[in-house]
Amino acid sequence: YEPGSSSEFPDHFVANIWGADENWKITWFENGVEMGVMKRINALDPLAEELYAGDSKPKKHKWVKPYNTDHLFIAKPTKKNTNIEVVAIDRWGNKYSEKMKIG
């Protein structure tokens, strides 16, 4: 998620990495330069917050609310209008990556 997506960490981008545990390595790159390991947080998923937080949401099932999850990772970009890549390596050495341009 782009910076501004998380109400708790508005200056950071957020990676939601299902299944990640303490044996995974989550790093990030800015414009192709490795910036380091992302910080794991226990927080609200920005999409769940957008869809389910608030008295008027969701309309059909009022009892549905977002809750904290521990598979979110954050980092603060050093530049605006930059290319970000998140690389996740699991305990077996499998590599997963995702790229996005942030504004």
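At least one donor-acceptor pair closer than 3.5 Å links the side chain of Asn31 to the backbone N or O of Asn83.
By the 4.5 Å heavy-atom criterion applied to side chains, Thr27 and Val86 are not counted as neighbours. Side-chain atoms of Ile102 and Asn81, non-hydrogen and from C-beta on, never get closer than 4.5 Å to each other. The shortest distance between side-chain heavy atoms of Pro77 and Pro3 falls below 4.5 Å.
Nearest approach of Met35 to Thr78, heavy atoms of both residues: CE-CG2, 3.8 Å. Among all heavy-atom pairs drawn from Glu2 and Gly103, the shortest one is OE1-N, 3.5 Å. Among all heavy-atom pairs drawn from Glu8 and Ala43, the shortest one is OE1-CB, 3.3 Å.
The side-chain contact (heavy atoms from CB on, under 4.5 Å) search around Asn23 returns Asp21, Arg91, not counting sequence neighbours. For Trp18, the ring pair (Phe, Tyr, Trp, His ring centres under 6.0 Å) partners at least two apart in sequence or on another chain are His71.
In this structure, OG on Ser5 lies 12.0 Å from CG on Asn16, to the nearest 0.5 angstrom. Considering CD1 of Ile26 and CG of Leu72, their distance stands at 11.5 Å, rounded to 0.5 Å. In this structure, OG on Ser7 lies 3.5 Å from CD on Glu49, to the nearest 0.5 angstrom. Taken from CH2 in Trp24 to OH in Tyr96, the straight-line distance is 5.5 Å, to the nearest 0.5 Å. Atoms CZ and CD1, from Phe73 and Ile41 in turn, are 9.5 Å apart once rounded to the nearest 0.5 Å. Taken to the nearest 0.5 Å, the OG1 atom of Thr69 stands 7.0 Å off from the CG atom of Asn42.
The stretch residues 22-45 participates, sequence neighbours left out, in no salt bridge (Lys or Arg N to Asp or Glu O under 4.0 Å) pair at all. Listed by first and then second residue, the salt bridge (Lys or Arg N to Asp or Glu O under 4.0 Å) pairs involving residues 71-81 amount to none (not counting sequence neighbours). Within the structure, the salt bridge (Lys or Arg N to Asp or Glu O under 4.0 Å) test picks out no pair touching residues 92-103 (sequence neighbours left out).
Residues Val14 and Leu47 are members of one and the same hydrophobic cluster, defined by side-chain heavy-atom contacts under 4.5 angstrom among Ile, Leu, Val, Met, Phe, Trp and Tyr. Taking hydrophobic clusters as Ile, Leu, Val, Met, Phe, Trp and Tyr residues chained together by side-chain heavy-atom distances below 4.5 Å, Met100 does not share a cluster with Ile74. Under a hydrophobic-cluster definition in which Ile, Leu, Val, Met, Phe, Trp and Tyr are linked whenever side-chain heavy atoms come within less than 4.5 Å, directly or via other members, Met38 and Ile84 are assigned to the same cluster.
Other residues sharing the hydrophobic cluster of Ile89, ordered by chain and number and joined by side-chain separations under 4.5 Å: Phe29, Val87.
Ring geometry, Trp28 versus Phe13: the interplanar angle exceeds 60°, so the pair is classed perpendicular (tilted spans 30 to 60°).
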